[in-house]
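Read the structure below first, then the notes.
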Amino acid sequence: MGPRVRAAGLAVTVAAALCASCSSPSGSVVASPAPDADPAQVVQALVDAVNAGDAELVRDLSEGGSSQLDWWVEHGATMRDARIGAVYEDPESQADPSGPEIVAVVVDFVPWGVDASMQEGVETSWAFQVVRQGGRWLFHGAGVG
């Protein structure tokens, strides 16, 4: 067994160990974030799922099982060079203190394969709203872009 084979085996072992706390829906290609994942980690998993065309994980991480991101997956749209940015309390959540906790996570990315509402190939900033439900964060909607 040469050094390349050992290195590849180690990489697979490390990847499996890192994902031990991840649980994905049965047909998902992207690892689901841990149940205690913070909003930024959930949004990163959503971006990864959209980019991989993983409709099952997008639904699993979305409030009510469907979202605005379904269109992206169905049409093969992607968020290239995505970077997770600031996380802040959403104004919708601040307006009603007795309502659900909602935060916004800013993502900078270059959209490809999108509809006319975005400029393809031009860096965009978009705020993903996530809501805490049942102890975990779920995609609630897309705020201001």
Side-chain angles (χ1 to χ4, degrees), residues 6-145:
R6 276 194 294 262
L10 178 61
V12 170
T13 304
V14 169
L18 289 173
C19 211
S21 65
C22 303
S23 60
S24 294
S26 60
S28 288
V29 241
V30 175
S32 184
D36 62 346
D38 64 34
Q41 291 168 320
V42 170
V43 170
Q44 182 65 63
L46 275 165
V47 168
D48 293 345
V50 166
N51 288 341
D54 191 339
E56 190 171 350
L57 185 57
V58 169
R59 283 190 300 272
D60 186 57
L61 294 176
S62 297
E63 179 182 39
S66 71
S67 72
Q68 297 164 299
L69 297 176
D70 292 340
W71 184 95
W72 285 66
V73 173
E74 290 167 13
H75 292 89
T78 58
M79 296 178 223
R80 296 182 181 175
D81 302 323
R83 292 177 317 282
I84 304 299
V87 177
Y88 59 91
E89 189 170 356
D90 193 81
E92 185 179 330
S93 185
Q94 292 174 341
D96 182 6
S98 65
E101 183 180 6
I102 301 172
V103 299
V105 179
V106 177
V107 180
D108 297 318
F109 63 97
V110 178
W112 286 98
V114 294
D115 65 14
S117 69
M118 289 190 166
Q119 250 187 310
E120 186 166 293
V122 176
E123 186 166 87
T124 302
S125 290
W126 210 19
F128 284 70
Q129 296 170 315
V130 290
V131 60
R132 187 186 295 273
Q133 285 186 356
R136 64 182 227 169
W137 293 97
L138 295 173
F139 179 70
H140 177 68
V144 191

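Remember, predicted model here, so these are calculated numbers, not experimental data. Residue numbers run from 1 in the order of the sequence given.
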side-chain hydrogen bond (donor to acceptor under 3.5 Å, both in side chains) partners of Trp71, counting only residues at least two apart: His75
side-chain hydrogen bond (donor to acceptor under 3.5 Å, both in side chains) involving Glu63 - partner list, sequence neighbours excluded: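 If we apply the side-chain hydrogen bond (donor to acceptor under 3.5 Å, both in side chains) test to Glu63, skipping adjacent residues, the hits are Gln133, His140.
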Phe128 and Leu69: CA distance, side-chain angles, deciding distance, side chain to side chain contact (heavy atoms under 4.5 Å, CB included) verdict: CA-CA 10 Å; Phe128 284 70; Leu69 297 176; 4.0 Å; yes
Mutual orientation of the aromatic rings belonging to Phe109 and Trp126 [parallel < 30°, tilted 30-60°, perpendicular > 60°]: tilted
Val43 and Phe139, any side-chain heavy atoms less than 4.5 Å apart: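 No, every pair of side-chain atoms sits at 4.5 Å or beyond.
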Residues Asp70, Arg59; criterion side chain to side chain contact (heavy atoms under 4.5 Å, CB included); working and verdict: CA-CA 8 Å; Asp70 292 340; Arg59 283 190 300 272; 4.2 Å; yes
Which pair of non-hydrogen atoms, one from [X] and one from [Y], has the smallest distance, and what is that distance?
X: Pro39; Y: Val105; result: CB-CG2, 3.8 Å
X: Ala31; Y: Ala45; result: O-CB, 4.4 Å
X: Thr124; Y: Met118; result: CG2-CE, 4.4 Å
X: Ser125; Y: Val106; result: CB-CG1, 4.5 Å
X: Val58; Y: Ala49; result: CG2-CB, 3.7 Å
X: Gln119; Y: Pro111; result: O-CG, 3.4 Å

Within 6.0 angstrom of Glu89 CD, more than 12 heavy atoms from elsewhere: yes
Under 3.5 Å donor-acceptor, Asp54 side chain and Val29 backbone: yes
Would you give the length of the straight line joining atom [atom1] of [X] to atom [atom2] of [Y], rounded to the nearest 0.5 angstrom?
X: Glu56; Y: Leu61; atom1: CD; atom2: CG; result: 10.5 Å
X: Gln44; Y: Asp38; atom1: CD; atom2: CG; result: 11.0 Å
X: Leu46; Y: Leu57; atom1: CG; atom2: CG; result: 7.0 Å
X: Arg136; Y: Asp60; atom1: CZ; atom2: CG; result: 5.0 Å

Test item: side-chain donor near acceptor, Asn51 and Thr78, under 3.5 Å: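 Result is no, nothing qualifies.
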Residue list, side-chain contact (heavy atoms from CB on, under 4.5 Å) with Glu101, at least two apart or on another chain: Arg132, Trp137
